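A quick write-up on the structure given underneath.
Keep in mind that this is a model prediction, so the values were computed, not measured.
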Amino acid sequence: MPSTLLAGATGLVGRACLDLLLEDDAFERVVVITRRTLEGARSPKLEAHVVDFDHLDDHAALFRVDQIVCALGTTIRQAGSLERFRAVDYGYTLKVAELGALQGARHFLLVSSIGANPRSRVFYPRVKGELEEAVVALRYRSVSIVRPSVLLGERAEFRLGEEIAKRLAFLAFLAPGKYKPIHARDVAAALVRLAKEDQPGRRIVESAELRTWAQRPPGANRVPVS
């Protein structure tokens with residue numbers, strides 16, 4: 001049974017992932033690294049560690065796991081500047097991936113974003129796309145990248161854009177499939193299924209496919225490699 005490290009467990013997708021990992025007997029050990037104390041989660045297989053993400057090298061031993069699920073992320077508003085946003089969404093995440101590769105993890109699972117493109121003229125999708133490229137270049141047996149659209153779910157903090165999307169969710173049927181809002185639980189369920197399948201190769205799963213994958217019954221066809 002695999003051991004799994006989860007980064008970003010206090011976020012919307014990360015917390016849903018944590019609940020699923022702890023409930024699933026397929027995962028034997030769940031290591032969580034956070035910037036602040038993890039509240040509420042209890043399980044004999046849970047190992048929670050508060051770390052300084054600016055000094056992750058000091059915690060390299062925590063990355064000796066089979067798989068890493070990374071749901072780290074912030075917003076430009078929360079970060080306070082474009083530079084700080086990049087430091088978190090690109091810098092911290094890539095460091096997590098690099099340490100995992102160095103410590104022998106075989107599968108890296110990344111929460112990216114719809115529209116991620118390293119050649120985009122828009123800052124946010126460009127950073128996400130650059131991160132994807134950097135992660136795929138690392139020496140992992142498997143890399144799974146999910147690109148959710150606007151996330152639905154209850155956040156601790158207010159995000160204006162996502163709140164507007166929730167209020168307009170009744171019009172979602174007018175949007176193309178990949179742009180429809182998706183619940184964080186569905187993203188988390190797809191990530192956990194990808195971790196359980198643990199297929200070799202590199203794959204990118206777009207938002208519409210995430211919803212389908214999360215709802216597939218056990219034994220259904222696997223996610224194709226992109």
Side-chain angles (χ1 to χ4, degrees), residues 1-9 11 13-14 16-18 20-21 24 26-34 45 47 49 51 53 55-73 86-119 125-148 187-207 209-210 213-214 221-226:
M1 290 188 291
S3 55
T4 305
L5 181 141
L6 173 61
V13 172
C17 273
L18 177 59
L20 292 173
L21 289 170
D24 197 322
F27 300 92
E28 169 176 70
R29 175 172 166 251
V30 180
V31 180
V32 172
I33 57 171
T34 58
K45 63 182 179 182
E47 300 177 17
H49 302 268
V51 303
F53 278 79
H55 298 92
L56 282 177
D57 285 320
D58 296 342
H59 308 279
L62 297 178
F63 293 81
R64 293 173 189 157
V65 293
D66 298 309
Q67 303 174 328
I68 294 176
V69 178
C70 190
L72 286 173
R86 184 180 175 85
V88 174
D89 274 53
Y90 182 92
Y92 288 172
T93 301
L94 183 56
K95 188 63 177 179
V96 167
E98 289 172 341
L99 285 170
L102 287 171
Q103 296 296 325
R106 66 173 182 258
H107 193 172
F108 191 83
L109 300 101
L110 172 66
V111 180
S112 183
S113 174
I114 189 170
N117 183 345
R119 288 162 290 283
R126 184 171 70 249
V127 170
K128 294 293 187 181
E130 290 171 352
L131 173 62
E132 289 184 6
E133 279 195 338
V135 167
V136 166
L138 296 174
R139 297 184 63 181
Y140 280 96
R141 188 204 68 174
S142 309
V143 174
S144 300
I145 297 171
V146 301
R147 290 178 174 172
V187 181
L191 281 166
V192 172
R193 181 70 66 84
L194 284 161
K196 289 177 72 172
E197 293 286 354
D198 198 27
Q199 300 175 63
R202 272 66 175 153
R203 64 195 53 78
I204 294 175
V205 187
E206 299 287 354
S207 202
E209 289 71 36
L210 279 176
W213 182 243
N221 292 334
R222 294 179 174 187
V223 172
V225 175
S226 298

- Message: Does V13 form a side chain to side chain contact (heavy atoms under 4.5 Å, CB included) with V146? I'd like the steps, not just the answer.
- Response: CA-CA 11 Å; V13 172; V146 301; over 6 Å; no
- Query: Of all heavy-atom pairs between L6 and A9, which one has the smallest distance, and what is that distance?
  - Reply: CD2-CB, 3.7 Å
- Task: Report yes if the side chains of R106 and P2 come closer than 4.5 Å at any heavy-atom pair, otherwise no.
- Result: yes
- Yes or no on salt bridge (Lys or Arg N to Asp or Glu O under 4.0 Å) for D66 and R29, after CA distance, side-chain angles and deciding distance? CA-CA 10 Å; D66 298 309; R29 175 172 166 251; over 6 Å; no
- Does L62 reach the side chain of E47, with side-chain heavy atoms less than 4.5 Å apart? no
- Item | Close side-chain approach of L5 to F63, heavy-atom, < 4.5 Å | yes
- Rounded to the nearest 0.5 angstrom, the CD1-CZ distance for I33 and F53 is 4.0 Å
- Here the gap from C70 atom SG to D89 atom CG, rounded to the nearest 0.5 Å, amounts to 9.0 Å
- Task: Could you tell me which non-hydrogen atom of I145 sits nearest to which non-hydrogen atom of S112, and how far apart they are?
- Result: CG2-CB, 3.7 Å
- Note on the structure: dist L191:CG -> L21:CG (nearest 0.5 Å) comes out at 9.0 Å
- Give the intermediate values and the outcome of side chain to side chain contact (heavy atoms under 4.5 Å, CB included) for residues V192 and V69. CA-CA 9 Å; V192 172; V69 178; over 6 Å; no
- Would you say D57 and L99 make side-chain contact, with heavy atoms under 4.5 Å? yes
- Query: In Å and rounded to the nearest 0.5 Å, what is the CG to CG distance from L138 to L94?
  - Reply: 6.0 Å
- Are P148 and V111 close enough that some pair of their side-chain heavy atoms sits under 4.5 Å apart? yes
- Using salt bridge (Lys or Arg N to Asp or Glu O under 4.0 Å) as the criterion, list what pairs up with R119, not counting sequence neighbours. E133
- Message: Show the nearest heavy-atom pair for residues Q103 and A60, with the distance to one decimal.
- Response: CG-O, 3.4 Å
- Query: So, do L109 and T4 sit near enough that their side-chain heavy atoms are less than 4.5 Å apart?
  - Reply: no
- Query: Looking only at atom types and distance, does a side-chain atom of Y140 sit under 3.5 Å from a main-chain N or O of V135, one as donor and one as acceptor?
  - Reply: no
- Message: Nearest 0.5 angstrom please: R203 CZ to E197 CD, how far?
- Response: 9.5 Å
- Note on the structure: Here the gap from R126 atom CZ to R86 atom CZ, rounded to the nearest 0.5 Å, amounts to 8.0 Å
- Message: Please give me the minimum heavy-atom distance between G115 and P125, naming the atom from each residue.
- Response: O-CB, 3.3 Å
- Note on the structure: Scanning both residues in full, the closest heavy-atom pair of A116 with K128 reads CB-CB, 3.7 Å
- Message: Checking the side chain of R147 only, and the main-chain atoms of L210 only, is there a donor and an acceptor separated by less than 3.5 Å?
- Response: no
- For K45 and F27, work out which heavy atoms get closest and say how close. NZ-O, 2.7 Å
- Message: Quick check: do S142 and Q199 have side-chain heavy atoms less than 4.5 Å from each other?
- Response: no
